[in-house]
Amino acid sequence: MAILGSAAIIAGMTQTTVAAADDTSPARSNETASASEYMAYLAWNAASQKPGAAEALRKFKALSPSDREKYLDYLNNPKALEALLQEAAEGEPGTDTPTVSTAAANTTAAGVTSSTPLFGGDIVIETAQESTFTPDPDEPTPAKEAQAAGGKLRKGTWESKFTASQKILGVTVTKLSVWVSYYTNGNKITKVNFADGGKRNYNAAVALTKSIPKAWMDGSYANGSIIWEGSIVFKDFGISIDKRQKVWANAYGFRGGYLKNV
């Protein structure tokens, strides 16, 4: 086992230097050692019904042999990981006004709020929002629109989500989400129900875990947050991850979100 040496903090990560390797090529984890190993890893996740695994496998297979090798090197490149862990741009207030059919029990509105290309466009960091509306069952059928008078949310239960994701050569590798559920009476938020978070991670060299989600009211805002933690040891150094992801909303819907250093 390599002996860990001096440590430094970079962009919310703790980097620990280890003994230098004999060569400068990226060290790959077992599942990313070759294209066939990585496809087997994705196929196993797809067979286990892991969200997004089948799509990632299909898109990876569609890459040229040279792009497959570049992709696998990116998965094991500390600077590419750092790009994922840089602060995601804060989400702007969006439109929480999906059209609801009179027969629908709930509806969802979603959209990308920002997209940042890196490494010559090979890696793209995206942030997005999503809002789900469940009207009260006693609401009159004609009133089952998502928006009330004055632009405020219609009476019912809402869930606002903020997502930060990393695509490498068009394949979604990692997606981190946090969401908060709350109730509005058509004028203001009267209750925050809960918060939660989810991840989709097909970088086999990186393991991520989440803290217990937190949900709270702050003035007129419903807030939800989680902390993502993880660690990885590359051939030349180790990295620990410590990031807070947060989403907030008010009576008008989604107001913002971020992924930042703790």
Side-chain angles (χ1 to χ4, degrees), residues 10-13 15 18 20-89 91 110-128 130 162-177 198-208 228 230-241 243 245 259:
I10 346 176
M13 307 180 295
Q15 173 180 306
V18 300
D22 294 332
D23 59 78
T24 57
S25 60
R28 293 181 178 179
S29 63
N30 291 337
E31 295 88 347
T32 62
S34 67
S36 60
E37 291 284 351
Y38 187 65
M39 285 190 286
Y41 163 78
L42 290 177
W44 182 86
N45 279 281
S48 301
Q49 304 295 312
K50 298 291 181 65
E55 179 186 9
L57 177 59
R58 176 179 58 82
K59 290 187 174 181
F60 181 76
K61 283 182 174 180
L63 296 177
S64 67
S66 61
D67 277 347
R68 289 180 184 178
E69 292 303 310
K70 181 190 287 187
Y71 175 99
L72 294 173
D73 282 342
Y74 275 133
L75 291 188
N76 293 277
N77 184 337
K79 290 185 178 179
L81 176 62
E82 182 180 349
L84 166 64
L85 300 178
Q86 291 290 345
E87 294 182 11
V112 172
T113 58
S114 76
S115 181
T116 305
L118 303 165
F119 292 84
D122 287 350
I123 296 179
V124 177
I125 307 298
E126 290 182 348
T127 61
E130 181 178 308
F162 177 74
T163 298
S165 60
Q166 181 191 52
K167 291 183 177 179
I168 298 178
L169 298 175
V171 182
T172 300
V173 177
T174 304
K175 180 183 287 188
L176 304 175
S177 300
K199 73 178 188 298
R200 182 184 302 178
N201 178 37
Y202 295 117
N203 185 342
V206 178
L208 292 169
W228 295 104
S231 62
I232 177 172
V233 176
F234 291 93
K235 180 165 56 176
D236 296 327
F237 54 84
I239 292 176
S240 64
I241 301 162
K243 306 288 287 188
Q245 191 171 17
L259 178 65

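What you see is a predicted model; the values in this text were computed from it and never measured. All values below were derived from every heavy atom in this structure, side-chain atoms included, with hydrogens, water molecules and symmetry-related copies excluded.
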Do [X] and [Y] have side chains that get closer than 4.5 Å, going by heavy atoms?
{"X": "T163", "Y": "K175", "answer": "yes"}
{"X": "T174", "Y": "V206", "answer": "no"}
{"X": "T32", "Y": "E37", "answer": "no"}

Just how far is it from atom [atom1] of [X] to atom [atom2] of [Y], taken to the nearest 0.5 Å?
{"X": "N45", "Y": "R200", "atom1": "CG", "atom2": "CZ", "value": "11.5 Å"}
{"X": "I125", "Y": "L118", "atom1": "CD1", "atom2": "CG", "value": "5.5 Å"}
{"X": "K61", "Y": "L63", "atom1": "NZ", "atom2": "CG", "value": "12.5 Å"}
{"X": "N201", "Y": "Q166", "atom1": "CG", "atom2": "CD", "value": "9.0 Å"}

Kindly give the heavy-atom pair with the smallest separation between [X] and [Y], and that separation in Å.
{"X": "K243", "Y": "L259", "result": "CB-CD1, 3.9 Å"}
{"X": "A46", "Y": "A53", "result": "N-CB, 3.5 Å"}
{"X": "E31", "Y": "Y41", "result": "CG-CD1, 3.8 Å"}
{"X": "R68", "Y": "M39", "result": "NH1-CE, 3.9 Å"}
{"X": "L72", "Y": "A35", "result": "CD1-N, 3.5 Å"}

* **Ring-ring centroid check Y202 F60, cutoff 6.0 Å** =>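 No, the ring centres sit 6.0 Å or more apart.
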
* **Whether N203 side chain and V173 backbone form a donor-acceptor pair below 3.5 Å** =>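 No: the side chain of N203 does not pair with the backbone of V173.
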
* **Other residues, nucleotides, ligands: >12 heavy atoms within 6.0 Å of K199 NZ** => no

* **Pairwise salt bridge (charged side-chain N to carboxylate O under 4.0 Å, His left out) hits with a residue in residues 41-53, at least two apart** =>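 Matches after skipping sequence neighbours: none remain.
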
* D122-Y74 side chain donor-acceptor pair, cut-off 3.5 Å -> yes

* Between S34 and S36, does any side-chain donor sit less than 3.5 Å from a side-chain acceptor? ->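 Distance-only check passes for S34 and S36.
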
* Go through the steps for S64 and S66 under the test side chain to side chain donor-acceptor pair (under 3.5 Å), then give the verdict. => CA-CA 5 Å; S64 67; S66 61; 3.2 Å; yes

